[in-house]
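Note on naming: letters A, B, ... go to the chains in the order of the sequence lines (proteins, then strands), and numbering restarts at 1 for each one.
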There are 2 protein chains.
Amino acid sequence: MVQFVHPATKDITLAGVLSALADPIRLQIVRGLLQESGCLSCTAASPCPTIAKSTLSNHFRVLREAGLIQTSKKGVEHQNAVRAADIEARFPGLLMAILQSSVAEAGA
Amino acid sequence: MVQFVHPATKDITLAGVLSALADPIRLQIVRGLLQESGCLSCTAASPCPTIAKSTLSNHFRVLREAGLIQTSKKGVEHQNAVRAADIEARFPGLLMAILQSSVAEAGA
DNA sequence: TTCAATAGTTCGGAAGTATGGGACTATTGA
DNA sequence: TCAATAGTCCCATACTTCCGAACTATTGAA
């Protein structure tokens with residue numbers, strides 16, 4: 001049975017998006033989610049295995065509250081997906097610009 | 001006599017840019033600087049007169065360290081300018097996307 | 001049904017960060 | 001030389017972030 005949990009924020013704010021993605025770990029989580037067809041459990045989406053579970057949970061909470069991801073629960077796992085369409089509707093071009101900058105930085 | 005002070009960061013990082021602009025006051029400072037032909041003193045660029053001088057000074061330090069602005073000293077005032085070309089060279093499209101999102105948010 | 005395993009959340013303390021008041025520096029103009 | 005102005009520096013308080021430990025919820029097996 002799949003059910004939505006932790007309903008994501010209704011109103012996505014710019015400050016929320018920027019401060020959420022200002023953290024390199026959260027940015028990598030979002031990048032990972034978009035690459036992997038957009039659905040991963042929390043631990044699977046972790047960019048670094050040494051991060052404490054509680055810290056990771058906190059990062060996902062921040063991403064949810066910023067309206068960047070939506071989480072549904074399937075069995076014991078949580079499935080996380082980027083709300084790409086909602087973000088694009090609210091702030092056209094923003095997410096892509098940030099992700100491209102992230103690629104540019106990694107490539108440098 | 002004009003002289004450069006507080007040399008701005010050499011390497012502009014994405015995390016630095018995002019966390020600097022995640023603060024609404026700093027984002028408004030950058031918007032204000034770009035509107036007013038890009039040069040304003042610290043107090044003139046303050047979006048809100050009730051902010052403490054020390055807090056404002058701190059915001060400008062963050063913007064400088066993120067590489068977003070350059071500060072030169074002319075007499076008793078500091079002149080601040082957005083390093084638009086440097087930012088564009090490092091992260092094409094990023095600053096414009098953020099500023100347009102800011103306008104979109106304010107208009108909503 | 002009971003028990004263990006797994007996935008996340010919540011709590012609390014330690015460490016880091018932001019805010020603003022007051023003292024300080026530097027420049028100008030009287 | 002003195003007062004005024006623009007910013008910076010320092011410090012105390014308040015707020016965040018990180019992690020370990022305890023907790024909840026779901027599944028699957030004995």
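Residue B:D23 contributes atom CG, which lies 13 Å from atom P of D:dT16 at whole-angstrom precision. Rounded to whole angstrom, the span from the CD atom of A:E77 across to the P atom of D:dA25 amounts to 18 Å. If you measure from atom CD of A:E65 to atom P of D:dT17, you get 10 Å, rounded to the nearest angstrom. Atom C1' of nucleotide D:dT8 and atom CG of B:N80 are separated by 13 Å, given to the nearest angstrom. Atom P of nucleotide D:dT5 and atom CD of B:Q79 are separated by 19 Å, given to the nearest angstrom. The separation between B:K53 atom NZ and C:dG20 atom P is 14 Å, rounded to whole Å. Atom CG in B:L56 sits about 12 Å away from atom P in D:dA6, given to the nearest Å. For A:I51 and D:dC19, the CD1 to P distance is 7 Å, given to the nearest whole Å.
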Between A:N80 and A:Q70, is the side chain to side chain contact (heavy atoms under 4.5 Å, CB included) condition met? List the steps.
CA-CA 6 Å; A:N80 299 284; A:Q70 192 156 49; over 6 Å; no
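Residues A:R31 and A:L99 meet the side-chain proximity criterion, which asks for heavy atoms closer than 4.5 Å. Contact of the B:E105 side chain with the A:R90 side chain is registered, since non-hydrogen atoms from C-beta on lie closer than 4.5 Å.
A close approach under 4.0 Å does not occur between any side-chain nitrogen or oxygen of B:H78 and OP1 or OP2 of C:dT27. Close to C:dA18, at under 4.0 Å from its OP1 or OP2, lies no side-chain N or O of B:R61. Applying the 4.0 Å criterion to OP1 and OP2 of C:dT9, one finds that A:S57 has a side-chain N or O inside that range. Remark: B:T55 is not in phosphate contact with C:dT19, judged by side-chain N or O atoms under 4.0 Å from OP1 or OP2.
Residue-to-nucleotide proximity on DNA chain C shows that, of A:T43 and B:V62, the 5′-proximal contact is made by A:T43. Summary of the strand contacts: A:F60 and A:V76 both lie near DNA chain C, and taking for each the nucleotide with the nearest heavy atom, the more 5' one is attributed to A:V76.
One finds a salt bridge joining B:E65 and B:R61 here, because a Lys/Arg side-chain nitrogen approaches an Asp/Glu carboxylate oxygen to under 4.0 Å.
Closest heavy-atom contact between B:A20 and B:V62: CB-CG1, 4.1 Å. Pairing each heavy atom of B:A22 with each of A:A15, the nearest pair is O-CB, 3.4 Å. Summarising the geometry of A:I25 relative to A:D23, their closest heavy-atom pair is N-OD1, 2.8 Å, with the distance given to 0.1 Å. A pairwise comparison of heavy atoms in A:I69 and A:F60 identifies CD1-CD2, 3.5 Å as the closest pair. Minimum interatomic distance between A:L21 and B:L18 (heavy atoms only, all atoms of both residues): O-CD1, 3.5 Å. Taking each heavy atom of A:P47 and A:Q28 in turn, the nearest pair found is CB-NE2, 3.7 Å.
The C1' atoms of five pairs define one axis at each end of the helix from C:dT1-D:dA30 to C:dA30-D:dT1, and these two axes lie 10° apart (to 10°).
Considering only side-chain atoms of B:K73, the nucleotide from C:dG8, C:dG20, C:dA26 that sits closest is C:dA26. Across C:dA7, C:dT19, C:dT10, the shortest atom-to-atom separation from the side chain of A:S54 is found for C:dT10.
Less than 4.0 Å separates DNA chain D from no heavy atom of any residue of residues 13-22 of chain B.
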